[in-house]
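Worksheet: the structure to be examined is printed underneath.
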Amino acid sequence: MKILCCISHVPDTTTRIQFTADGKALDRSGVTFIVNPYDDFVLARAAELKEKNPTGVHVTVLCVGQNGASSTDSVDANLRKALALGLDEAVRIDAQPADAYFVASQIAAYARGKGFDLLLFGKESIDYNGSQVPGMVAALLDLPFVSYATSLEVENGKARLTREITGGKELLECPLPLVLSAQKGLAEWRIPNVRGIMQAKTKPLHVVPPVSVEPRVKTLKHELPPPKGAFKKIEPDKLDELVQELANKGLI
Amino acid sequence: MSAILVWAEITDGRVKKPVLEALTAARAWAESAGLPVWAAALGKEIPDAVLSTLAEYGAEKVIRILSPALEPLVNSAYARALAHLMKEKGLSYAVLPQTYDGKAIAPLLAIEADAALLSGITQAPEKEGTGWKARRIAFSNKAIEWVYTEYPRVIATLRTNSVVPAKAPKPLATEEVSFTPEAKDLRLQPTGVEKVATDKVPLTEAEIVVSAGRGLKGPENWGMVEELARVLGAATACSKPVADVGWRPHHEHVGQTGIQISPNLYIAIGISGAIQHLAGVASSKNIVVINNDPEAPFFKVADYGIVGDAFEVVPRLTEAIKRYKEQHAH
Ligand SMILES: Cc1cc2nc3c(=O)[nH]c(=O)nc-3n(C[C@H](O)[C@H](O)[C@H](O)COP(=O)(O)OP(=O)(O)OC[C@H]3O[C@@H](n4cnc5c(N)ncnc54)[C@H](O)[C@@H]3O)c2cc1C
Ligand SMILES: Nc1ncnc2c1ncn2[C@@H]1O[C@H](COP(=O)(O)O)[C@@H](O)[C@H]1O
């Protein structure tokens with residue numbers, strides 16, 4: 001079974017977000033970039049499948065991105081971290097992600113004809129929170145798409161899955177190949193061990209040139225939300241005051 | 001004649017608030033585009049109540065696509081049906097609610113209909129030059145992004161709770177468009193649904209959310225949280241560690257790695273306000289924080305703050321609300 005895990009390269013969850021003076025781009029200075037947390041679920045699930053069947057499962061990790069100027073902004077380093085979970089090889093498509101359509105087209109162009117049985121994604125990148133890339137890849141490759149998957153079992157060329165829906169979960173079956181986007185629950189996050197980290201250093205990391213694609217959406221500018229003023233302090237013995245305030249706003 | 005199309009998601013035989021929000025945003029978009037708003041309802045059959053609600057919220061035409069194969073919903077079949085409709089009627093713009101299924105269908109539809117996708121916008125796109133610009137939330141609530149497209153066709157998903165639904169009654173006009181999904185659209189086979197047994201509003205749709213964290217010490221103390229939520233007609237939520245240790249079910253976990261919500265009122269009880277928690281809730285319109293530590297980071301994003309012991313404050317707050325409701329009951 002061939003598995004493709006797509007990971008995005010995003011600012012650490014604790015980053016204080018700032019933009020360049022023209023507001024067009026993220027100010028990357030001093031920012032630590034990590035593997036998108038939802039993609040960690042996918043890497044962990046792929047590692048589990050690989051452990052169960054070390055010779056029968058081959059896992060490729062892919063990111064569309066370019067290494068930044070600092071060592072904390074290295075796509076290659078994050079790909080190696082992913083490999084350290086026991087996965088087989090990494091691919092970096094050497095282009096700056098322009099928009100979701102651009103990224104999805106790169107991934108689809110790479111995956112086409114390579115016979116991947118599972119194409120695994122996170123449900124969204126925590127930078128632009130688009131939730132767009134996995135579905136677009138599925139449509140470009142004409143494959144079934146399971147969104148917000150919370151479990152995945154594979155048996156005889158068929159997958160059994162659950163996915164999150166409003167107020168519950170849905171159970172699904174699907175023949176392989178398929179595209180999946182992961183919600184929390186797909187697997188427990190894993191931390192690579194020392195042996196994994198050592199082995200990852202010598203695993204193949206292919207740098208692939210991008211195909212030519214016109215993005216469809218561009219960013220005009222970013223803004224920071226207006227800072228909140230001081231909150232209104234309510235004394236614990238004057239809660240009627242709070243209730244009145246909330247009622248005045250039509251909330252109660 | 002062209003139009004702005006809204007996908008009218010049908011849940012339990014009804015259209016819910018996210019669809020009404022989408023219709024409302026579509027009307028604003030339609031005005032600047034000089035187009036009417038149409039709604040598309042898909043399924044085995046469409047209840048009359050759905051049709052009349054869509055007209056009431058401004059759909060000048062409701063297009064029904066009827067096929068037994070459209071139930072249960074499979075995202076690729078819906079995307080192909082909507083793409084087929086857009087092509088047949090020459091439609092360039094569509095709005096989908098940003099629900100679980102809306103988010104899954106939109107990127108498929110963008111490819112099928114050869115369109116640009118504006119994902120999770122918070123208001124109708126505005127005309128700018130020869131294209132459209134739109135506002136969305138990025139970096140997990142830490143920033144606002146203005147996006148722009150000149151692509152001739154545009155699909156937008158509307159972030160839930162961003163627009164207040166408003167009625168704009170139109171006479172009901174319906175039309176049927178036929179479409180039958182192919183086998184390849186139905187490779188994904190839904191085999192069942194497990195609803196979380198609850199009579200409460202789903203978290204993603206709730207206007208009021210009462211949420212609690214590790215400050216509550218143990219699962220046995222959630223009774224007062226449930227009671228406050230009940231009195232307010234609110235959904236309940238929790239922080240990640242609380243779900244991780246099993247004090248609360250996972251589907252209540254909000255934040256960076258949980259569910260992202262933006263209710264009108266979020267009440268945070270015994271939650272420190274870590275940046276990953278705020279990533280899921282900071283766009284709530286009003287935030288009340290109850291915490292016994294005056295230095296808790298949550299107070300930085302609070303509208304109202306109560307420094308005090310949750311075990312005293314929460315029951316008292318519930319009583320105060322009950323009192324208010326009794327006094328103002330008609
Ligand atoms: C990659 C990543 C992703 C994450 N994603 C999420 C996420 O999605 N959602 C999430 O919530 N967290 C997430 N976290 C965890 C997050 O960093 C915090 O650890 C977590 O939110 C803390 O939960 P808490 O506020 O309930 O607990 P604590 O931090 O322990 O805070 C408890 C609070 O309760 C207060 N308190 C104690 N006793 C009382 C009392 N009697 N009355 C009133 N107040 C009291 C304390 O003052 C304190 O502020 C993530 C972390 C990482 C690294
Ligand atoms: N630049 C990228 N390279 C590889 N995969 C990506 C990239 N951007 C997004 N993805 C994948 O698509 C998922 C959803 O991202 P998004 O659509 O950007 O919210 C992520 O969790 C990744 O699995």
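None of these values were measured; they are calculated from a predicted model. Chain A is the first sequence line, chain B the second, and so forth, proteins listed ahead of strands; every chain is numbered from 1.
- Contact annotation: the side chain of B:Thr257 approaches that of A:Trp189 to within less than 4.5 Å [non-hydrogen atoms, C-beta and beyond].
- In this structure, the portion of A:Tyr38 lying under 4.5 Å from any heavy atom of chain B is its side chain and not its backbone.
- You'll find the side chain of A:Lys249 reaches within 4.5 Å of the side chain of B:Asn286, heavy atoms only.
- For the pair B:Lys195 and A:Thr166, the minimum side-chain heavy-atom distance is 4.5 Å or more.
- By the 4.0 Å N-to-carboxylate-O rule, B:Lys142 lies too far from A:Asp127 to be salt-bridged with it.
- Atom OG of residue A:Ser147 and atom NZ of residue B:Lys103 lie 9.0 Å apart, to the nearest 0.5 angstrom.
- Aromatic ring centroids of B:Phe139 and A:Phe19 lie under 6.0 Å apart.
- Note on A:Glu170, A:Met136, A:His222: by heavy-atom pairs under 4.5 Å with chain B, the leading option is A:Met136.
- In terms of heavy-atom pairs under 4.5 Å with chain B, the best-connected choice from A:Glu164, A:Arg16, A:Lys123 is A:Glu164.
- Only the side chain of B:Asp244 comes within contact range of chain A, with at least one heavy atom under 4.5 Å from a heavy atom of that chain.
- Looking at B:Asn264, both its backbone and its side chain come within 4.5 Å of chain A, counting heavy atoms on both sides.
- Interface check for chain A: of the options B:Leu232, B:Val301, B:Thr204, the most heavy-atom pairs under 4.5 Å are formed by B:Val301.
- With chain B as partner, the option from A:Lys169, A:Glu235, A:Glu245 having the largest number of non-hydrogen pairs under 4.5 angstrom is A:Lys169.
- Interface check for chain A: of the options B:Ala138, B:Ala282, B:Gly308, B:Ala106, the most heavy-atom pairs under 4.5 Å are formed by B:Ala138.
- Counting heavy-atom pairs under 4.5 Å between each of B:Ala116, B:Pro190, B:Ala104 and chain A puts B:Pro190 at the top.
- Atoms NZ and CG, from B:Lys133 and A:Leu220 in turn, are 6.5 Å apart once rounded to the nearest 0.5 Å.
- For chain A, the nearby part of B:Gln276 is the side chain; its heavy atoms alone come within less than 4.5 Å.
- Proximity to chain B (any heavy atom under 4.5 Å) is restricted, for A:Leu242, to the side chain, taken from C-beta onward.
- For A:Asp99, no part sits under 4.5 Å from any heavy atom of chain B, backbone or side chain.
- Salt-bridge check for B:Arg316 with A:Asp240: failed, with every basic side-chain N at 4.0 Å or more from each acidic carboxylate O.
- Under the 6.0 Å cut-off for aromatic ring centres, B:Tyr100 and A:Tyr148 qualify, their centroids lying closer than that.
- For B:Asp309, no part sits under 4.5 Å from any heavy atom of chain A, backbone or side chain.
- Between A:Ile252 and B:Ile321 the shortest side-chain heavy-atom distance falls below 4.5 Å.
- Interatomic distance, NZ of A:Lys221 versus CH2 of B:Trp146, reported as 6.5 Å (0.5 Å rounding).
- For the set B:Asp303, B:Thr149, B:Leu265, the count of heavy-atom pairs under 4.5 angstrom toward chain A peaks at B:Asp303.
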Output, in order, the C-alpha distance, side-chain angles, deciding distance and verdict of side-chain hydrogen bond (donor to acceptor under 3.5 Å, both in side chains) for A:Asn129 and B:Ser140.
CA-CA 7 Å; A:Asn129 314 104; B:Ser140 307; 3.3 Å; yes
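- Within the 4.5 Å cutoff, side-chain heavy atoms of B:Leu317 are placed close to those of A:Val243.
- Contact annotation for A:Gln183: only side-chain heavy atoms (C-beta onward) come within less than 4.5 Å of a heavy atom of chain B.
- Only the side chain of A:Pro11 comes within less than 4.5 Å of a heavy atom of chain B; its backbone N, CA, C and O stay farther away.
- Both the backbone and the side chain of A:Pro236 come within contact range of chain B, with heavy atoms under 4.5 Å apart.
- Chain B forms the most heavy-atom pairs under 4.5 Å with one residue out of A:Leu161, A:Val137, A:Thr14, and that residue is A:Thr14.
- With a 4.5 Å cut-off on non-hydrogen atoms, A:Arg160 does not touch chain B at all.
- Of the two parts of B:Lys240, only the side chain, counted from C-beta on, holds a non-hydrogen atom closer than 4.5 Å to a non-hydrogen atom of chain A.
- Annotation: maximal heavy-atom pairing with chain A below 4.5 Å, among B:Thr99, B:Val307, B:Val289, occurs at B:Val307.
- Within the 4.5 Å cutoff, the side chain of B:Val313 has heavy atoms near those of the A:Leu239 side chain.
- Looking at B:Ile208, only its side chain comes within 4.5 Å of chain A, counting heavy atoms on both sides.
- Side-chain atoms of A:Thr13 and B:Gln256 include no donor-acceptor pair closer than 3.5 Å.
- When each of B:Ala302, B:Ser283, B:Ala274, B:Pro202 is scored by its heavy-atom pairs under 4.5 Å with chain A, the top score falls to B:Ala302.
- Atom OH of residue A:Tyr128 and atom CD1 of residue B:Ile137 lie 13.5 Å apart, to the nearest 0.5 angstrom.
- Between A:Lys218 and B:Val147, every side-chain heavy-atom pair lies at or beyond the 4.5 Å cut-off.
- Using a 4.5 Å cut-off between heavy atoms, A:Lys238 does not touch chain B at all.
- Contacts between B:Ala115 and chain A at a heavy-atom distance below 4.5 Å involve the backbone alone (N, CA, C, O).
- Only the side chain of A:Leu246 has a heavy atom closer than 4.5 Å to any heavy atom of chain B.
- For B:Gln260, the part lying under 4.5 angstrom from a heavy atom of chain A is the side chain only.
- A heavy-atom distance below 4.5 Å is not found between the side chains of A:Lys233 and B:Tyr304.
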